[in-house]
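Below is one structure; the comments refer to it alone.
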Amino acid sequence: MKWDEIKKLDFDSIDFIWEEVRADLLYEAFTNSRDLAEWARYLKENPPSPQTLAIALMLGREKYESTKGRKAGRASGKLRAGNVRCTPAMVAKEYQVLMATGTEERNVAAKLAARFKVTSDHIRKLRMKAKNQA
């Protein structure tokens with residue numbers, strides 16, 4: 001934010017901006033401190049206001065929620081990968097079986113999709129993976 005823009009703001013907005021900057025500095029000082037003694041020394045030298053502490057807590061909470069969501073997403077991905085309904089090898093094998101029994105090529109993806117309860121697009125992608133692996 002430029003100085004001209006800051007001058008146009010009312011006092012409460014300016015005060016909030018400065019508190020947010022102080023909270024950022026407080027958070028950085030905490031993450032950069034080597035031990036609790038250094039952190040305590042910083043707090044004695046630069047005592048934070050209640051507003052600064054509130055904003056710093058909100059910043060920490062946002063980081064915590066973000067980290068928690070990222071971990072949950074990774075766990076979900078691992079679980080979904082373990083529950084896979086069909087692999088490229090399975091699709092390639094079933095594709096060959098259906099082609100050998102006389103099924104038209106344009107109907108194979110739809111039949112396999114119904115069998116594995118996935119979309120025909122997914123079957124086509126798995127078939128391409130199987131072709132690329134071979």
(message) Going by side-chain contact (heavy atoms from CB on, under 4.5 Å), name the residues that satisfy it together with K93, two or more places apart in sequence or in a different chain.
(response) none
(message) Quick check: closest heavy atoms across P48 and L43, and the distance to 0.1 Å?
(response) CD-CD2, 4.0 Å
(message) Hydrophobic clusters here meaning ILVMFWY residues chained together by side-chain heavy-atom distances under 4.5 Å, can you tell me if V97 and V118 are in one?
(response) no
Could you pull out all donor-acceptor pairs under 3.5 Å where a side-chain atom in residues 55-65 meets a protein atom, sequence neighbours excluded?
residue: R61; atom: NE; partner: E65; partner atom: OE2; Å: 3.3
residue: R61; atom: NH2; partner: E65; partner atom: OE2; Å: 3.1

(message) Give me each pair satisfying salt bridge (Lys or Arg N to Asp or Glu O under 4.0 Å) with a member in residues 107-123, each pair once, sequence neighbours excluded.
(response) E94-R115, D121-K125
(request) Check whether L53 and Y27 end up in the same hydrophobic cluster, where Ile, Leu, Val, Met, Phe, Trp and Tyr are linked by side-chain heavy atoms less than 4.5 Å apart. (result) no
(message) Can you confirm whether H122 sits close enough to F116 that some side-chain heavy atom of one is under 4.5 Å from a side-chain heavy atom of the other?
(response) no
(request) Check whether any side-chain heavy atom of P88 lies under 4.5 Å from a side-chain heavy atom of N132, and answer yes or no. (result) no
(message) Test: side chain to side chain donor-acceptor pair (under 3.5 Å). Region: residues 72-82. Which pairs qualify, not counting sequence neighbours?
(response) none
(message) Do V84 and L112 sit in one hydrophobic cluster, given that two such residues count as connected whenever their side-chain heavy atoms are within less than 4.5 Å of each other, even indirectly?
(response) no
For residues 33-42, which side-chain donor-acceptor pairs fall under 3.5 Å, sequence neighbours excluded?
residue: S33; atom: OG; partner: F30; partner atom: O; Å: 2.8
residue: R34; atom: NE; partner: E38; partner atom: OE1; Å: 3.2
residue: D35; atom: OD1; partner: E38; partner atom: N; Å: 2.9
residue: E38; atom: OE1; partner: R34; partner atom: N; Å: 3.2

Contacts under 3.5 angstrom, residues 102-109 side chains, donor-acceptor by atom type, not counting sequence neighbours:
residue: T103; atom: OG1; partner: L98; partner atom: O; Å: 3.2
residue: E104; atom: OE1; partner: R106; partner atom: NE; Å: 3.1
residue: E105; atom: OE2; partner: Y95; partner atom: OH; Å: 2.8

(request) Please determine which of T52, N46, T31 meets the side chain to side chain contact (heavy atoms under 4.5 Å, CB included) test together with L26. (result) T52
